[in-house]
Amino acid sequence: VIFSLLLATSWFVFVRTRTAPGSFPTLFYAPFPLLAAAAVRLGPWGASTSVMACALVATWGAVQGHGPFVASSAAENALTIQVFLIIASVSVMSLAALTEDRARAESKARRSEEQLAIALDAAQIGRWDWDVAQQRLEWSDITRRLTGVPLDGPVSIETYAALIHPDDRQAIEAATQDGLAGRPID
């Protein structure tokens with residue numbers, strides 16, 4: 001779908017449109033959102049294919065005497081189309097590369113989280129997360145079993161505080177306040 005829309009848009013902009021000398025039509029930018037969509041959705045292969053298709057249509061239009069690249073002398077037209085193709089290809093391929101890198105990083109992070117979960121389960125080590133802004137705790141099943149908290153029951157700061165030995169509560173509270181304030185914890 002993206003490729004078809006890009007071809008149709010490129011055909012309209014670079015073949016069907018006639019430009020007056022010295023003008024710079026805004027239609028000139030019409031293929032860029034579709035090129036960006038191809039980079040994000042189709043990756044590097046789709047982005048390079050889309051840029052190539054756009055370049056072929058733009059070049060064909062210029063050779064036929066149509067589009068925004070025929071408004072001046074032959075040398076200026078050649079320079080204009082080259083600059084357009086350089087800007088289009090560099091920006092679209094950079095976007096495709098960044099999108100691909102992000103997808104790889106997300107996949108690697110998911111695998112790492114899965115491996116950590118397997119290791120923690122095998123070692124019978126509990127884990128927990130504290131969302132300070134929401135004042136919400138999330139405990140793993142192992143943490144719940146180790147502390148005797150029911151698997152289906154809610155966990156709160158009060159649940160955690162009840163598990164701390166009374167002799168340690170003041171030190172834990174001071175360390176928590178220091179950590180939240182960004183001070184070193186002694």
Side-chain angles (χ1 to χ4, degrees), residues 1-10 26-54 86-186:
V1 173
I2 293 173
F3 195 69
S4 300
L5 285 172
L6 177 66
L7 283 176
T9 303
S10 296
T26 55
L27 276 177
F28 181 75
Y29 297 108
F32 278 99
L34 296 167
L35 289 169
V40 171
R41 304 261 312 177
L42 306 175
W45 183 87
S48 62
T49 304
S50 297
V51 168
M52 183 184 71
C54 186
I86 289 169
I87 291 171
S89 62
V90 168
S91 59
V92 169
M93 292 307 294
S94 296
L95 179 59
L98 289 172
T99 303
E100 189 79 11
D101 285 348
R102 180 178 178 195
R104 280 191 198 121
E106 287 173 351
S107 175
K108 188 175 180 179
R110 274 192 299 276
R111 278 195 313 270
S112 183
E113 285 177 11
E114 290 167 1
Q115 290 172 347
L116 177 62
I118 290 169
L120 290 174
D121 285 344
Q124 293 295 299
I125 297 173
R127 70 175 166 74
W128 55 273
D129 291 315
W130 181 20
D131 183 344
V132 177
Q134 300 287 330
Q135 287 297 307
R136 188 178 69 224
L137 285 175
E138 187 176 312
W139 288 7
S140 67
D141 289 348
I142 293 173
T143 303
R144 289 171 178 265
R145 279 196 295 277
L146 290 172
T147 57
V149 174
L151 295 177
D152 58 350
V155 181
S156 65
I157 300 298
E158 291 76 23
T159 308
Y160 169 71
L163 295 171
I164 300 172
H165 190 276
D167 294 342
D168 297 330
R169 285 191 181 141
Q170 187 177 2
I172 297 284
E173 178 64 28
T176 302
Q177 293 306 319
D178 286 344
L180 290 174
R183 294 185 298 266
I185 300 172
D186 294 327

Which heavy atom in Gly46 sits nearest to a heavy atom in Ala38, and how many Å separate them?
O-CB, 4.2 Å

Scanning both residues in full, the closest heavy-atom pair of Thr9 with Leu34 reads OG1-CD1, 3.3 Å

Does a side chain donor of either Thr159 or Ser156 reach within less than 3.5 Å of an acceptor in the other side chain?
yes

Roughly how far apart are Leu6 CG and Thr49 OG1, rounded to 0.5 Å?
10.5 Å

Given Glu173, which of Arg169, Gln177, Gln170 fulfils the side chain to side chain donor-acceptor pair (under 3.5 Å) condition?
Gln177

Using every non-hydrogen atom in the two residues, find where Thr143 and Ser140 come nearest and quote the distance to one decimal.
OG1-OG, 2.9 Å

When rounded to the nearest 0.5 angstrom, what distance separates CZ in Arg111 from CG in Leu116?
14.5 Å

Atom CG in Leu5, atom CD1 in Ile2: separation rounded to 0.5 Å?
8.0 Å

Between Ser112 (side chain) and Lys108 (backbone), is there a donor-acceptor pair under 3.5 Å?
no

Beyond-backbone contact of Thr147 with Trp128, side-chain heavy atoms, under 4.5 angstrom:
no

Between Trp130 and Arg136, is any pair of side-chain heavy atoms under 4.5 Å apart?
no

Whether the side chain of Arg144 engages the backbone of Val149 through a donor-acceptor N/O pair (distance < 3.5 Å, no angle test) should be reported.
no

Which pair of non-hydrogen atoms, one from Ala39 and one from Val92, has the smallest distance, and what is that distance?
CB-O, 3.5 Å

Heavy atoms of Phe32 and Ser91 approach each other most closely as CE2-OG, 4.3 Å

Are Arg110 and Glu114 close enough for a salt bridge, meaning some N to O gap below 4.0 Å?
no

Shortest non-hydrogen pair, Val51 vs Ser89, comes out as CG1-CB, 3.7 Å

Is there a donor-acceptor pair closer than 3.5 Å between any side-chain N or O of Ser107 and the backbone N or O of Ala103?
no

Does any non-hydrogen side-chain atom of Glu138 lie less than 4.5 Å from one of Val155?
no

Report yes if the side chains of Asp178 and Pro184 come closer than 4.5 Å at any heavy-atom pair, otherwise no.
no

I'd like to check Ile142 versus Asp121 (side-chain heavy atoms, cut-off strictly below 4.5 Å). Are they in contact?
yes

Separation between CD1 of Ile172 and CG of Asp167, rounded to the nearest 0.5 Å:
12.0 Å

With rounding to the nearest 0.5 Å, note down the distance linking CG in Leu35 to OG in Ser48.
11.0 Å

